[in-house]
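In what follows, a single structure is set out as C-alpha cells and then discussed.
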Amino acid sequence: MRKTLTVLAALLTAGAASAADYAIDPTHTFATFEISHFGASVNRARFDKKEGKIQFDRAAKTGKVDISLDIASVNSGTAAFDKHLQSADIFNAAQFPKARFVSDKFVFNGDKVTEVQGQLTLLGKTQPVSFKANQFNCYESPMLKREVCGGDFEATIDRAAFGVNYGIDWGFPKNVRIVLQVEAVKQ
C-alpha cells in the first residue's frame, strides 16, 4: 500500500512539474478593442500597460492565464477620446484601475490551443468570456534562447453586462470586439 501511494505521489508530482510558467512579453502583447461608431466607422483603442503570467502544459493540454490591463493606459491615438474612455462615463479608471482576465480552461484541437475560457473583470463586474484562437504557436526564440508561446485571440462581449452603457440610447452597439495578441516567455 505504501509503495502504491509513493508511486501515485511521484506521478502526480511529475505531472505538476511538466507545467511551465511563462511571463507575458509586453512588447509582443497587445489588448485592443473596437466598437462601431454609428455604422460609419469603427472606434479602436488599446491598452499600453499590461502584465500577466501563463502556466502551460502542452502534454497534459492544460493551462492557466492571469492578465491585467491598466485602464488609465488606454490609447486611441486621440488624447481627448482617451480622457473620455478613462472617465466614469465608460471605464471609470479612477475607481476601477484594472481590467483582468483569469482562466484555467484551455481548449485544444490536437496540439493547438483553439480557445481560452475564463472570467473577465471590468468595472468591478465579472463575466464569463471565451477567447477564440485565430492562431497559436510555441517556438524557440533565437534572440531569447527560450521557448515563447503565444497567439492571436478574439472575443465579442456585451459591454452592458459590465455596466458600460454609455451611448446605447444613441444607437451605439452593446457588442465590443476584443483582440488579444499574446506572447509569453518560458521562465
Side-chain angles (χ1 to χ4, degrees), residues 11-36 42-71 73-75 91 98-123 125-162 164 173-187:
L11 287 172
L12 289 173
T13 303
S18 65
D21 292 325
Y22 295 77
I24 296 296
D25 176 357
T27 62
H28 289 97
T29 299
F30 299 94
T32 62
F33 65 90
E34 53 190 52
I35 185 170
S36 177
V42 176
N43 286 334
R44 292 180 174 91
R46 70 177 189 207
F47 295 95
D48 288 336
K49 293 182 183 174
K50 56 271 176 189
E51 61 185 12
K53 57 187 175 183
I54 296 173
Q55 191 176 70
F56 184 61
D57 186 337
R58 193 176 345 200
K61 297 188 168 115
T62 61
K64 293 182 181 183
V65 173
D66 190 341
I67 296 177
S68 293
L69 306 172
D70 181 342
I71 296 298
S73 75
V74 68
N75 181 351
F91 288 126
K98 299 274 185 193
R100 185 175 179 205
F101 179 71
V102 178
S103 169
D104 63 359
K105 176 72 171 149
F106 283 33
V107 178
F108 284 76
N109 182 2
D111 287 339
K112 294 287 186 180
V113 174
T114 59
E115 188 175 15
V116 177
Q117 301 170 354
Q119 301 289 319
L120 176 64
T121 302
L122 182 63
L123 282 103
K125 293 179 176 64
T126 302
Q127 297 288 327
V129 173
S130 293
F131 280 91
K132 178 183 163 247
N134 294 322
Q135 63 186 39
F136 179 86
N137 191 39
C138 294
Y139 66 95
E140 187 68 26
S141 169
M143 295 173 67
L144 300 173
K145 308 293 187 224
R146 289 192 274 172
E147 183 181 56
V148 175
C149 291
D152 189 74
F153 299 86
E154 69 176 270
T156 299
I157 63 166
D158 175 351
R159 65 188 176 101
F162 296 92
V164 183
K174 290 181 181 181
N175 288 344
V176 175
R177 181 174 176 248
I178 301 172
V179 177
L180 185 58
Q181 301 158 252
V182 177
E183 287 197 25
V185 181
K186 189 174 185 178
Q187 300 301 291

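When a residue number appears, it is its place in the shown sequence, counting from 1. Heavy-atom basis, side chains included; hydrogens, waters and symmetry copies ignored.
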Could you check whether any side-chain heavy atom of [X] comes within less than 4.5 Å of a side-chain heavy atom of [Y], counting everything from C-beta outward?
X      : Y      : answer
Phe33  : Val74  : yes
Gln127 : Leu120 : no
Asp111 : Lys61  : yes
Glu51  : Ile24  : no
Val113 : Arg58  : no
Phe30  : Lys50  : yes
Cys149 : Glu183 : no
Ser141 : Arg146 : no

Tell me if a side-chain donor or acceptor on [X] pairs with a main-chain N or O of [Y] at a distance below 3.5 Å.
X      : Y      : result
Ser103 : Gln117 : yes
Glu154 : Ile178 : no
Gln187 : Val185 : yes
Arg159 : Val164 : yes

Rounded to the nearest 0.5 Å, what separates atom [atom1] in [X] from atom [atom2] in [Y]?
X      : Y      : atom1 : atom2 : answer
Thr121 : Leu69  : OG1   : CG    : 11.0 Å
Lys64  : Ile54  : NZ    : CD1   : 13.5 Å
Lys145 : Glu140 : NZ    : CD    : 8.5 Å
Ile157 : Phe131 : CD1   : CZ    : 8.0 Å
Asp48  : Arg46  : CG    : CZ    : 4.5 Å
Asn43  : Ile35  : CG    : CD1   : 7.5 Å

Query raised in the report: Between Asp70 and Phe47, does a side-chain contact (heavy atoms from CB on, under 4.5 Å) hold up when you go through it step by step?
Result: CA-CA 7 Å; Asp70 181 342; Phe47 295 95; over 6 Å; no

Report summary line: Gln55 and Ala19 have their tightest heavy-atom pair at CG-CB, 3.9 Å

Query raised in the report: Which heavy atom in Ala155 sits nearest to a heavy atom in Ser130, and how many Å separate them?
Result: CB-O, 3.3 Å

Report task. Kindly say whether the aromatic ring centers of Phe153 and Phe101 come within a distance under 6.0 Å. Result -> no

Requested in this report: Report yes if the distance between the aromatic ring centroids of Phe106 and Phe136 is under 6.0 Å, otherwise no.
Outcome: no

Query raised in the report: So does Arg177 have more than 12 non-hydrogen atoms from other groups sitting under 6.0 Å from CZ?
Result: yes

**Report entry** Within 6.0 angstrom of Lys98 NZ, more than 12 heavy atoms from elsewhere
**Finding:** yes

Query raised in the report: Under 6.0 Å from the six-membered ring centre of Phe56 and within 45° of its axis: does the NZ or CZ of Lys186 meet both?
Result: no

Report summary line: From the list Ile67, Asp25, Val65, side chain to side chain contact (heavy atoms under 4.5 Å, CB included) partner of Val182 resolves to Ile67

